[in-house]
Amino acid sequence: GAPADGPVDDYGAASFVEMMAQRSPDQGEKSVLVDLGALNAVPEVLPLQVMILGPLAIIGTPFELTTMAGRRLRGTVQKPLQALGAEHIVLSGPSNSYAGYLTTREEY
């Protein structure tokens, strides 16, 4: 259908900008409630795998990636993996361990 039929257009671009400007003050830097690292409650070393199968590279991570964290990870490894012949990169997680979710600083 026409662009006006889309769900985002129900609010209009100006309303979206206003909504983002009025977002909750909770959207931003968070203070640390419990420093789990200082308590040794989280692992310091986690497994990360990179497998190259012809033109395909598979990166196994121990965490679930948000979309933006995945894009950043893919962007970081793309050139080095292309130099090794990998044309396509697949991010796979969680693999071999579980460490929760990985977000970007902005998403957190």
Side-chain angles (χ1 to χ4, degrees):
D5 295 336
V8 173
D9 295 322
D10 291 342
Y11 300 102
S15 296
F16 179 74
V17 171
E18 290 171 13
M19 179 182 72
M20 292 304 293
Q22 297 173 5
R23 66 184 182 189
S24 168
D26 294 333
Q27 298 299 318
E29 284 292 317
K30 310 287 190 285
S31 60
V32 175
L33 180 62
V34 178
D35 187 355
L36 296 175
L39 298 173
N40 293 323
V42 294
E44 292 182 17
V45 178
L46 291 165
L48 184 74
Q49 291 180 306
V50 179
M51 298 166 277
I52 299 176
L53 307 168
L56 175 66
I58 302 170
I59 300 176
T61 67
F63 32 72
E64 297 182 53
L65 295 153
T66 62
T67 301
M68 187 52 65
R71 288 179 181 170
R72 288 186 185 174
L73 176 58
R74 181 178 281 121
T76 299
V77 301
Q78 188 169 14
K79 285 185 182 179
L81 290 177
Q82 283 177 337
L84 296 173
E87 299 171 21
H88 309 284
I89 300 170
V90 174
L91 303 175
S92 175
S95 300
N96 298 317
S97 187
Y98 184 71
Y101 292 91
L102 179 68
T103 67
T104 63
R105 186 175 192 93
E106 297 85 2
E107 291 172 312
Y108 181 73

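Values below: every heavy atom of this structure, side chains too, minus hydrogens, waters and symmetry copies.
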- Message: I need the Thr103 OG1 to Met68 CE distance, nearest 0.5 Å.
- Response: 12.0 Å
- Test side-chain hydrogen bond (donor to acceptor under 3.5 Å, both in side chains) applied to Glu44 - qualifying residues, sequence neighbours left out: none
- By side chain to side chain contact (heavy atoms under 4.5 Å, CB included), Leu46 pairs with (sequence neighbours left out) Pro43, Pro62, Ser97, Ala99
- Task: Would you list the pairs meeting side chain to side chain donor-acceptor pair (under 3.5 Å) in which at least one residue belongs to residues 79-91, sequence neighbours left out?
- Result: none
- Could you pull out all residues at least two apart from Arg74 that satisfy side-chain hydrogen bond (donor to acceptor under 3.5 Å, both in side chains)? none
- Which residue pairs pass the side chain to side chain donor-acceptor pair (under 3.5 Å) test with at least one member in residues 46-70, sequence neighbours excluded? Gln49-Asn96, Glu64-Tyr98, Thr66-Glu107
- Query: Linking Ile, Leu, Val, Met, Phe, Trp and Tyr by side-chain heavy atoms under 4.5 Å, what else ends up with Leu102?
  - Reply: Leu48, Val50, Ile52, Ile59, Phe63, Leu65, Leu73, Val77, Leu81, Leu84, Ile89, Leu91
- Item | Residues clustered with Leu33, ILVMFWY side-chain links under 4.5 angstrom | Val34, Leu36, Leu39, Val42
